[in-house]
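Down below is the structure, laid out as structure tokens.
Reminder, nothing fancy here: chain letters follow the sequence lines and each chain counts from 1.
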Protein chains: 2
Amino acid sequence: MATPLVVEKTLSDKASLRLTEAIITGELQQGQKLSEADLATRYGISRGPLREAIRELEGMRLVKRVPHAGARVIKLDMTALADLYRVREALEGMACRMAAEQMSEQEVSALFGLLDAHEKQIEESGGESYFQSEGDFDFHFHIAQGSRNQMLIDLLVGELYQLLRMCRYQTSHLRNRTHMALKQHRQMVEAIADGDGDLAELLMRRHISGAWKSIKVMMEENK
Amino acid sequence: MATPLVVEKTLSDKASLRLTEAIITGELQQGQKLSEADLATRYGISRGPLREAIRELEGMRLVKRVPHAGARVIKLDMTALADLYRVREALEGMACRMAAEQMSEQEVSALFGLLDAHEKQIEESGGESYFQSEGDFDFHFHIAQGSRNQMLIDLLVGELYQLLRMCRYQTSHLRNRTHMALKQHRQMVEAIADGDGDLAELLMRRHISGAWKSIKVMMEENK
DNA sequence: CTCTGAATGATTGTCAACAATCGGAGCAAT
DNA sequence: ATTGCTCCGATTGTTGACAATCATTCAGAG
């Protein structure tokens with residue numbers, strides 16, 4: 001395959017990526033104002049491309065912009081997180097259903113392989129949660145791909161997963177339910193292997209609403 | 001109500017609105033290239049704001065942009081439409097469930113009033129389809145609002161409904177199922193009035209998947 | 001005749017200066 | 001002391017010129 005090794009990117013695209021990472025990792029804190037002049041000089045570009053990058057982030061719902069007053073990083077409060085998980089429940093549920101209807105056998109066996117690898121990682125790291133979080137993204141990413149629905153894929157991978165990563169950074173001190181999650185993932189893949197769309201969607205929705213309930217109580221405890 | 005009569009908007013925001021309408025109404029045809037210089041002079045603004053507007057449309061999935069090659073209006077082919085209706089099924093289904101769980105009595109009775117008004121319109125216009133299409137938007141808009149989920153509302157109203165309007169313009173020659181749709185709307189509102197989230201979601205999903213099947217066969221006939 | 005590749009024109013990407021707008025400090029009047 | 005006004009600095013919005021990139025054309029070699 002002759003894909004170019006270096007994909008030429010535009011300055012605003014690069015700035016968009018950098019800003020995205022800065023927001024997700026908390027380098028730019030929630031609610032913080034984005035100063036065009038400051039960021040432009042810091043990134044060594046002019047304000048033109050930077051403004052376009054901010055417009056792009058606005059489309060990804062990472063910043064909110066108000067005319068003549070600038071852009072601010074969104075605040076992921078409880079309400080916003082509740083909204084996010086509800087939307088995920090709907091979209092990922094549908095993705096899981098469609099994956100069950102359309103994934104090839106190879107993809108399904110690749111999913112099984114992924115689960116085994118995750119299990120191994122969890123055992124080796126003694127329940128260390130970081131790897132499982134990465135593994136969780138892996139899993140959901142593959143399910144989304146399996147739906148064959150490009151709009152669904154774009155919404156999940158391009159927008160919601162960024163917000164989810166932001167949430168994970170914020171709540172990284174909370175231990176997460178790795179074993180429970182892995183078990184649920186396995187159940188889903190089995191439903192997918194059976195081509196059982198109804199069950200696959202049901203399981204994914206339970207998985208996500210369960211995750212939300214767990215996060216919610218933990219956040220209320222630690223607050 | 002003391003909303004300001006003249007809302008000061010930025011040039012790129014105005015350009016964004018104009019472009020959106022131009023794309024939805026077909027003034028800018030599907031797949032057509034957007035020339036920055038041409039559009040800028042036509043709208044009487046410079047290329048800076050116009051570029052930002054295009055970035056915004058990209059976020060709404062109305063155009064696709066490729067670096068150094070410009071932006072083109074998306075093409076709503078069968079695949080894209082199928083994807084769209086599937087995503088709508090998931091999101092509006094969830095919205096309908098949440099509306100059933102959270103709408104106030106006043107909102108529910110307002111919904112009943114809306115249905116009566118639509119019925120009257122349909123009878124008066126003898127099944128004229130245009131009003132029903134507008135009425136359909138009204139209905140789905142109110143359901144989305146009733147979910148109280150801002151992310152869901154933004155996704156549906158800000159992105160998907162624009163694509164849907166574009167689709168309606170494209171298929172306006174096809175007669176649509178006004179009476180069937182009205183009946184289904186009424187069933188949904190009754191489920192919402194009962195606070196029956198399960199049923200409300202089920203009905204909405206059937207409503208949308210049914211609409212898609214109907215559109216699909218009509219498009220295949222007329223092709 | 002076909003294919004390669006260099007010149008060229010058109011289009012997009014970037015920049016720095018200029019204009020418009022907002023928010024707050026300071027001051028005066030009640 | 002508080003309210004309202006004015007001015008001013010800071011920030012965002014806009015512009016036109018300049019640089020970089022792509023697509024096309026056309027000349028020439030095989």
Under-4.0 Å salt bridge between R65(A) and D13(B): yes
If you pin D13(A) and R47(A) to their nearest nucleotides in DNA chain C, which one's is more 5'? D13(A)
Expressed in angstrom and rounded to an integer, what is the separation of I45(B) atom CD1 from dA20(C) atom C1'? 16 Å
Please tell me if T10(B) has a side-chain N or O lying less than 4.0 Å from either OP1 or OP2 of dT12(D). no
Check E36(B) with R42(B), please: is the shortest side-chain N to carboxylate O separation under 4.0 Å? no
Can you tell me how far apart OG (S209(B)) and CZ (R86(B)) are? Round to the nearest 0.5 Å. 7.5 Å
Interatomic distance, CG@D77(A) vs CG@D83(A), rounded to 0.5 Å, equals 8.5 Å
Please check this pair: side chain of Y161(A) against backbone of H140(A), looking for a donor-acceptor N/O pair closer than 3.5 Å. yes
Rounded off to whole Å, could you give me the NE2-to-C1' distance for the H68(B) and dT11(C) pair? 11 Å
Kindly assign one of parallel, tilted or perpendicular to the pair H185(B) and F139(B), based on the angle between their ring planes and the thresholds 30° and 60°. parallel
Atom-pair distance (NZ on K14(B); C1' on dG13(D)), nearest Å: 12 Å
Whole angstrom is fine here: how far is it from CG in L11(A) over to C1' in dA16(C)? 15 Å
Those residues of residues 51-62 of chain B lying under 4.0 Å from DNA chain C by at least one heavy atom: R51(B)
Residues from residues 32-41 of chain A lying under 4.0 Å of DNA chain C - heavy atoms: none
Inspect the surroundings of OH in Y169(A) and state if more than 12 heavy atoms from other residues, nucleotides or ligands are less than 6.0 Å away. no
Look at all strands and tell whether G48(A) reaches a base, only sugar-phosphate, or nothing, counting heavy atoms closer than 4.0 Å. nothing
Take the protein atom CG of L50(B) and the nucleotide atom P of dT11(C), then report the distance between them rounded to whole Å. 14 Å
With the side chain counted from C-beta on, respond yes when M166(A) and I74(A) share a heavy-atom pair under 4.5 Å apart, and no when they do not. yes
Rounded distance [0.5 Å steps], CZ in R168(A) versus CZ in F137(A): 4.5 Å
